[in-house]
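What follows is a structure written as structure tokens; I'll ask about it next.
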Amino acid sequence: LPGSLAIQPIFSGSTTCLDPHDLAFDGTGRLLILDRISRAIRVHLGADNFQDVVVGMPSEPRSIAVGAGDDIYVSDVSGTIRRYDSNGNPINGGVFANGLDTSPPVAIGPGGVWGADLYAVSGGHLLRFDASGASTPIGSGFAGRTFDLMFGPDGALYASRFDDDRVLRIAPCNTPTVPGLVVSTY
């Protein structure tokens, strides 16, 4: 990057936010902080000021994504993905999907060929979840620990791999009649 970078902590070490494990912005621009140790989702309001959105999650949270209508999806160490509205109220009892691997990473599709569905990695597969929580495997070969998922500005899905020290770029094939994915390794 040309020039210099300005790095500014948005809050200092805090007893309010003990372990900011993952971050997401909602549609209104709120910064949602997934606090792993406190089992909470907090909104940063400035300095060391936070508003609790969800507290007392039943299991240690690991990954967060924000979907349509600012619904909040959180995966946890029990292999469950929970769903909350933007105010932190559980939707349909809170459990969106369960029976997954420990701490599955989650991401929301950017539209286009990916749709606006929820994606996660579990059981060695890339899974696409519809609005009801039903999953469809759309890719395989994800043995080991996938730590994070994120859609890039190029429309591809990126996955960081803990076990083999890689980042994968996952994109739909260019041929509309051939369903499948192209994976590039970095």
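When reading the values below, keep in mind they use all heavy atoms of this one structure, side chains included, and skip hydrogens, waters and symmetry mates.
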Is any side-chain heavy atom of Arg30 closer than 4.5 Å to one of Val53? yes
Can you name the nearest heavy-atom pair linking Ala65 to Ala107, along with the distance?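 Scanning both residues completely, I find the closest heavy atoms to be CB-CA, 4.1 Å.
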Side chain to side chain contact (heavy atoms under 4.5 Å, CB included) with Ile64: which residues, sequence neighbours excluded? Asp22, Ala24, Leu32, Leu34, Ile41, Ile72, Val74
Are Ile91 and Val54 in one and the same hydrophobic cluster, where Ile, Leu, Val, Met, Phe, Trp and Tyr link if side-chain heavy atoms are under 4.5 Å apart?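 Different clusters: Ile91 never reaches Val54 through Ile, Leu, Val, Met, Phe, Trp or Tyr contacts under 4.5 Å.
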Only counting residues at least two apart or in another chain, list the ones meeting side chain to side chain contact (heavy atoms under 4.5 Å, CB included) with Asn89.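 Scan of Asn89 (side chain to side chain contact (heavy atoms under 4.5 Å, CB included), adjacent residues dropped) gives Asp85, Asn87.
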Does a side-chain heavy-atom distance below 4.5 Å link Pro61 with Arg39?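 A side-chain contact under 4.5 Å exists here.
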Run the salt bridge (Lys or Arg N to Asp or Glu O under 4.0 Å) test against Asp101 and tell me which residues pass, sequence neighbours left out. none
Write out all pairs satisfying salt bridge (charged side-chain N to carboxylate O under 4.0 Å, His left out) with one or both partners inside residues 142-162, taking only residues at least two apart or from two chains.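 Passing the test, one end in residues 142-162: Asp154-Arg169, Arg161-Asp164.
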Find the distance between OG (Ser75) and CD (Glu60) and round it off to the nearest 0.5 Å.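 Ser75 atom OG to Glu60 atom CD measures 10.5 Å (nearest 0.5 Å).
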From Asp35 CG over to Arg42 CZ, what is the distance, rounded to the nearest 0.5 angstrom? 4.5 Å
May I ask you to list the residues sharing a hydrophobic cluster with Phe96, side-chain cutoff 4.5 Å, ordered by chain and number?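 Members besides Phe96, by chain and number: Tyr73, Ile81, Leu100, Val106, Ile108, Leu118, Leu127, Phe129.
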Mind checking what makes side-chain hydrogen bond (donor to acceptor under 3.5 Å, both in side chains) contact with Gln51, not counting sequence neighbours?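 With sequence neighbours excluded, Gln51 shows a side-chain hydrogen bond (donor to acceptor under 3.5 Å, both in side chains) to no residue whatsoever.
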Of all heavy-atom pairs between Pro104 and Ser63, which one has the smallest distance, and what is that distance?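 Heavy atoms only, the tightest pair is O-CB, 3.8 Å.
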List the residues meeting ring pair (Phe, Tyr, Trp, His ring centres under 6.0 Å) with Tyr84, not counting sequence neighbours, and say none if there are none. none
Approximate separation, where rounding is to 0.5 Å, of Ser122 OG and Phe142 CZ: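 Interatomic distance, Ser122 OG to Phe142 CZ, rounded to 0.5 Å: 12.0 Å.
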side-chain contact (heavy atoms from CB on, under 4.5 Å) test vs Leu126 passes for just one of Val121, Leu168, Thr136, namely Val121
Pairs where residues 123-133 contributes a residue and the test salt bridge (charged side-chain N to carboxylate O under 4.0 Å, His left out) is met, not counting sequence neighbours: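 Pairs touching residues 123-133 that pass the test: Asp117-Arg128.
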ILVMFWY cluster membership beyond Met150 - transitive side-chain contacts under 4.5 angstrom: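 When side chains under 4.5 Å apart are linked, Met150 ends up in no cluster with other residues.
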List in chain and number order the residues that pass side-chain hydrogen bond (donor to acceptor under 3.5 Å, both in side chains) with Thr80, two or more places apart in sequence or in another chain; answer none if no residue qualifies. Ser78
Minimum-distance pair of heavy atoms, taken over all atoms of Pro90 and Gly93: CB-C, 3.9 Å
Of the options Arg62, Arg82, Arg36, which is the one that meets Asp76 in a side chain to side chain donor-acceptor pair (under 3.5 Å)?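 When side chain to side chain donor-acceptor pair (under 3.5 Å) is applied between Asp76 and each of Arg62, Arg82, Arg36, only Arg82 qualifies.
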Looking at residues at least two apart in the chain, or sitting in another chain, which of them share a side-chain hydrogen bond (donor to acceptor under 3.5 Å, both in side chains) with Ser59?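 Per chain and number, Ser59 pairs via side-chain hydrogen bond (donor to acceptor under 3.5 Å, both in side chains) with no residue.
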Contact between Leu157 and Trp114 at the side-chain level, heavy atoms closer than 4.5 Å - yes or no? yes
hydrophobic_cluster_shared for Phe151 and Ile138, side chain cutoff 4.5 Å: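 In one cluster with Ile138: Phe151, yes.
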Ignoring hydrogens and angles, tell me if any N or O in the side chain of Asp26 forms a donor-acceptor pair with the backbone of Asp70 under 3.5 Å.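 Not a single qualifying donor-acceptor pair exists.
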